[in-house]
Amino acid sequence: MATHDQNKSNFNRKSKPVIQDLGGRIPPRDKDLEEAVLGALMLEKDAYTIVCDLLKPECFYEPAHSKIYEAIQHLGAAQKPIDMLTVTEQLRLDGNLDEVGGPVYISELTSRVLSGANVEYHARIVAQKYLARELISFASEIESKAFDESNDVDDLLQAAEGKLFEISQRNVKKDVTQIDPVIGQAIIQIQASANRASGLSGLESGYHELDKLTSGWQNSDLIIIAARPAMGKTAFVLSMAKNMAVTYNTPIAIFSLEMSNLQLVNRLISNVCELGGEKIKSGQLTPVEWDQLMSRIKKLYGAPLYIDDTPSLSIFELRTKARRLVREHDVKFIIIDYLQLMNASGMRFGSREQEVSMISRSLKQLAKELNIPIVALSQLNRSVESRGKDDDKNGKRPQLSDLRESGAIEQDADIVCFIHRPEYYLRSDVDSEGNDIRGLAEFIVAKHRSGKVDDVKMRFRKEFARFENWDESPVMMASSVGSRMNSGAADSVGVSSFEGGTADFLSGPSDETPPF
């Protein structure tokens, strides 16, 4: 058997870590605290349960200490006693006993500790030292790559965001909260809801039946709205954003990965001004339509609506921009169009499904962090199209298993909704039961973590790419608008609200085509 001096010599030779060149500085570490933690773990029966969530083997700077804690981890996972003898035996089984200094060094660790009463405090310091070393290593690596001009700066920035996000997520810890203050918060929220005229506890979407079902969009919720192409996902969220920003003055942010900000605004103009999308694109408007455009577009000016059309947005860029929007513009609601176009640059995944899972999980974490609702649009897979040969009415209805690329989307979301338009599939004005389905859009709430699931009927007006409450009759609205137009173009659209009329607003003669 090796003597005590031989063991200490082996330990000092083999386990002494190599200190990086940090300009004469040594990495943050505390050998005495590491020894105190390991000694306490072998003395106190319940000490491991206290620190197991705080520490992992790499948290220990000394390689020998890392191996000893790894042996303690094995014993804890197997629910075996943790003491000097069991740890020594586990190290022998792992083939690491001589590398850590032998049984003598294990016994010295326990002899240096009088009590394990402060083990949690000491463990937190060890964990903080490890985090500081991680950040130093990360910063050194980024600095080295930044000096290398062969590296693309944008790629380096994405990689840096990804790595920093990994470090932050590994070390985010939140203490438990006793229930009393949470009850107080809940009572305050209930009282605030009771004092609202709408009776809703969340943000109003402008769709009355949907708001009744959800009690409004709730803070910290991740809401997934999914549909097949051409069902109107973007039209729905734009209609909702218009309702919330214009009608209720709720600050909204839209991250559009598919359409440019100009395309989105053109669709909003078509929605608000009730002018066909093709006319907006071509500019071929009659004088009455120009008056209508210039009158109604005034509603959009000053609306707290913020649009970001960065293509291929990464989850890390989104986090940074979302925090800034909440801090600087008090944004209360975020829309992402759409989830599958996002990426997790700087992180490696075995498959696209794993990447989408990470993105959906990060969106839920972001909703909780900012304490606002986040809506993410999602595509459905093609299985919807292959179903329902015998019963188109029910067979084409989407279901949770149709969510594209990842089952984690269903798991992470608080609410999952689908948009289904029977008219699109049936190519008819009536269904098999003779019901009129012209303009019918079914908003299907298929998962609702804090409430019931149900279908909400809405009206889709495809000429304006707009969703409306079902009880808003387009026939009544058309007749009302028509009668007003017959009494005069200016009165029909409220141009009289402008001093000098539309001509002054455009700074040109009213009988000329405006340079729009």
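Note that this is a predicted model, so its numbers are computed, not measured. Residues take their numbers from the sequence shown, with the count starting at 1.
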Minimum-distance pair of heavy atoms, taken over all atoms of Ala245 and Pro304: O-CD, 3.4 Å
Donor-acceptor contact present, side-chain Gln292 to main-chain Cys273, <3.5 Å: yes
Stepwise side chain to side chain contact (heavy atoms under 4.5 Å, CB included) test for Leu238 and Ile335: CA-CA 9 Å; Leu238 280 179; Ile335 296 169; over 6 Å; no
Contact summary for Ser378 and Ile224, nearest pair of heavy atoms: CB-CG2, 3.9 Å
Identified side-chain hydrogen bond (donor to acceptor under 3.5 Å, both in side chains) partner of Ser205 from the options Asn243, Thr250, Asp211: Asp211
Salt-bridge contact Arg449-Asp221 (side-chain N to carboxylate O under 4.0 Å): no
From Met358 atom CE to Met342 atom CE, the distance as rounded to the nearest 0.5 Å: 9.5 Å
Closest non-hydrogen atom pair, Ser239 against Tyr207: CB-OH, 3.0 Å
Asp46 and Thr49: side chain donor to acceptor below 3.5 Å: no
Whether Ser137 side chain and Arg133 backbone form a donor-acceptor pair below 3.5 Å: no
Which atom of Ile223 lies closest to which atom of Cys417, heavy atoms considered: CG2-SG, 4.4 Å
Derivation and outcome, salt bridge (Lys or Arg N to Asp or Glu O under 4.0 Å), residues Lys457 and Glu442: CA-CA 5 Å; Lys457 290 173 67 176; Glu442 296 176 342; over 6 Å; no
Within the 6.0 Å centroid threshold, strictly below: Phe443 and Phe467: no
Atom pair CG (Leu135) and OH (Tyr130), whose distance is rounded to the nearest 0.5 Å: 10.0 Å
Distance in Å, Arg327 CZ paired with Leu325 CG, rounded so as to fall on 0.5 Å steps: 9.5 Å
CG on Leu222 to OG on Ser360, rounded to 0.5 Å: 7.5 Å
Ser66 (side chain) donor-acceptor with Pro57 (main chain) under 3.5 angstrom: yes
Side-chain donor/acceptor of Asn469 to backbone N/O of His208, under 3.5 Å: yes
Side-chain heavy atoms of Lys364 within contact of Ile374, under 4.5 Å: no
Gap between atom CG of Leu33 and atom CZ of Arg124 - 0.5 Å precision: 14.0 Å
Donor + acceptor pair across side chains of Gln218, Ser450 (<3.5 Å): no
Worked check of side-chain hydrogen bond (donor to acceptor under 3.5 Å, both in side chains) between Thr234 and Asp337: CA-CA 7 Å; Thr234 304; Asp337 183 14; 3.0 Å; yes
Least distance between heavy atoms, Met231 atom then Ala227 atom: CB-CB, 3.6 Å
Electrostatic pair Glu34:Lys129 at N-O distance under 4.0 angstrom: no
Worked check of side chain to side chain contact (heavy atoms under 4.5 Å, CB included) between Met259 and Arg267: CA-CA 10 Å; Met259 302 172 67; Arg267 293 188 69 168; 3.3 Å; yes
Closest approach of Val51 to Glu120 (non-hydrogen atoms, all atoms of both residues): CG1-CA, 4.3 Å
Exam field: side chain Asp309 to backbone Asn261, donor-acceptor pair closer than 3.5 Å: yes
Audit row: Leu377, Ile336, side chain to side chain contact (heavy atoms under 4.5 Å, CB included) steps and yes/no: CA-CA 6 Å; Leu377 301 188; Ile336 300 163; over 6 Å; no
Point-to-point distance, once rounded to the nearest 0.5 Å, from CG of Asn371 to NZ of Lys332: 9.0 Å
Asn118 side chain to Tyr121 backbone, donor-acceptor under 3.5 Å: no
Backbone of Asp32 reached by a side-chain donor or acceptor of Glu35 within 3.5 Å: no
Cationic N near anionic O, under 4.0 Å, Arg323 to Glu369: yes
Under 3.5 Å donor-acceptor, Arg466 side chain and Arg461 backbone: no
Heavy-atom side-chain proximity of Val456 to Trp470 below 4.5 angstrom: no
Ser220 (side chain) donor-acceptor with Ile372 (main chain) under 3.5 angstrom: no
Side chain to side chain, Ile334 and Phe255, heavy atoms closer than 4.5 Å: yes
Residue pair Val37, Leu55: steps toward the side chain to side chain contact (heavy atoms under 4.5 Å, CB included) verdict: CA-CA 10 Å; Val37 169; Leu55 297 176; 3.9 Å; yes
Minimum side-chain heavy-atom gap Leu264-Ile254 below 4.5 Å: yes
Polar side chain donor-acceptor pair, Thr310 to Lys321, under 3.5 angstrom: yes
Side-chain heavy atoms of Lys80 within contact of Thr86, under 4.5 Å: no
Heavy-atom side-chain proximity of Glu44 to Val119 below 4.5 angstrom: no
Flag side-chain contact, heavy atom, 4.5 Å: Leu318 against Leu366: yes
Side chain to side chain, Tyr69 and Leu41, heavy atoms closer than 4.5 Å: yes
